Amino acid sequence: MPLAVAAMLAAISVGIRFDRAQGSSATAFAEEGQTFNFSARDLNGKQLSLKQYLGHPIVVDFWATWCAPCRRQIPELESLYEKYRKSMGLVVVGVSCDSIQGEGTSAVGPFVEEFKVTYPIVMASEGLVDALGVEAIPTTYFVNGKGEIVDRIVGAGRPGEITASVIALLKGKKAAPEQPASPVDKSGHWVNI
């Protein structure tokens with residue numbers, strides 16, 4: 001039993017992998033240059049479609065309440081949303097994966113209140129993350145006004161990477177290429193789902 005606990009703690013610090021079978025079409029839908037659209041229910045059960053935000057720069061963040069790297073980047077996303085939603089039309093949509101693994105919607109409401117999240121939150125299903133090829137959280141997509149993916153960050157990224165990608169999205173450019181995570185960063189970069 002102590003070996004199992006040690007293995008679990010080691011997996012949490014660097015990422016947990018949950019393998020699933022995927023068809024080749026699953027990841028093709030969520031690649032750069034592809035039109036990105038999905039619909040999911042928000043915390044009140046109302047259907048939200050990404051298509052309703054066409055014409056706006058959109059950030060779509062897949063996350064979970066139990067994911068430490070997700071928890072670290074949500075305040076940055078909230079700050080960017082508040083700063084640019086009125087002046088630049090920025091839309092941020094959080095896609096909680098707590099219904100796939102975790103306590104479901106009941107954990108998300110208190111989390112949203114605690115972190116003072118004001119952007120829309122929808123609940124992911126296993127079918128949605130499979131269809132979009134999301135294998136790890138956080139996974140953050142940057143979508144232009146035409147609905148095309150222009151950038152994607154898998155994992156929490158470097159400090160300021162999300163901000164740089166949002167600024168590039170708002171300017172209609174692609175962000176600078178991703179740099180590998182620092183080898184001394186032992187705080188965990190992502191959690192595989």
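The structure displayed is predicted, hence computed values, not measured ones.
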Inset, instruction - Show your reasoning for whether side chain to side chain contact (heavy atoms under 4.5 Å, CB included) applies to L90 and V59. - result: CA-CA 8 Å; L90 179 67; V59 177; 4.0 Å; yes

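- Applying the side-chain contact (heavy atoms from CB on, under 4.5 Å) test to E76 and every residue at least two apart in sequence or in another chain returns L80, I162, T163.
- You'll find the side chain of R85 stays beyond 4.5 Å of the side chain of H56, heavy atoms only.
- In this structure the side chain of W66 reaches within 4.5 angstrom of the side chain of I137, judged on heavy atoms.
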Inset, instruction - Show the numbers, then the answer: is there a side chain to side chain contact (heavy atoms under 4.5 Å, CB included) between F36 and L50? - result: CA-CA 8 Å; F36 191 63; L50 206 60; 3.3 Å; yes

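- When the side-chain contact (heavy atoms from CB on, under 4.5 Å) test is applied to D61, the partners found at least two apart in sequence or on another chain are W63, Q73, I74, L77, P138, T140.
- Identified under the ring-ring contact (aromatic ring centres under 6.0 Å, His included) test for residues 120-139, with sequence neighbours left out: none.
- In this view, T65 and D98 satisfy the side-chain hydrogen bond (donor to acceptor under 3.5 Å, both in side chains) rule, not counting sequence neighbours.
- Residues Y141 and V134 are in side-chain contact: their nearest non-hydrogen atoms beyond the backbone lie under 4.5 Å apart.
- Contacts classified as salt bridge (charged side-chain N to carboxylate O under 4.0 Å, His left out) and involving residues 36-56 (residues at least two apart or in different chains) are not found.
- Listed by first and then second residue, the ring-ring contact (aromatic ring centres under 6.0 Å, His included) pairs that reach into residues 152-171 come to none, sequence neighbours excluded.
- Of the residues listed (V95, V91, I149), the one engaging V60 in a side chain to side chain contact (heavy atoms under 4.5 Å, CB included) is V95, and it is the only one.
- With sequence neighbours left out, the side-chain contact (heavy atoms from CB on, under 4.5 Å) criterion links S39 to Q47, S49.
- Here L132 contributes atom CG and T139 contributes atom OG1; the two are 10.0 Å apart, rounded to the nearest 0.5 Å.
- At distances below 3.5 Å, at least one donor-acceptor pair connects side-chain atoms of S165 with backbone N or O atoms of E161.
- Listed by first then second residue, pairs satisfying side chain to side chain donor-acceptor pair (under 3.5 Å) with a partner in residues 103-113 number zero, not counting sequence neighbours.
- Note that CZ of F62 and SG of C70 are 11.5 Å apart. Values are rounded to the nearest 0.5 Å.
- Note on M88 and L54: separate hydrophobic clusters, where clusters join Ile, Leu, Val, Met, Phe, Trp and Tyr whose side-chain heavy atoms are under 4.5 Å apart, directly or indirectly.
- Residues meeting the ring-ring contact (aromatic ring centres under 6.0 Å, His included) test with Y84, sequence neighbours left out: none.
- The side-chain heavy atoms of V143 and V150, taken from C-beta on, include no pair separated by under 4.5 Å.
- Side-chain atoms of L169 and D151, non-hydrogen and from C-beta on, never get closer than 4.5 Å to each other.
- Partners of K146 according to the side-chain contact (heavy atoms from CB on, under 4.5 Å) rule, which considers only residues two or more places apart in sequence or in another chain, are N144, E148.
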Would you give me the side-chain donor-acceptor pairs under 3.5 Å for residues 115-125, sequence neighbours excluded?
unit_1	atom_1	unit_2	atom_2	d
T118	OG1	E78	OE1	3.3
T118	OG1	E78	OE2	2.6
T118	OG1	E82	OE2	2.7
S125	OG	L128	N	3.1

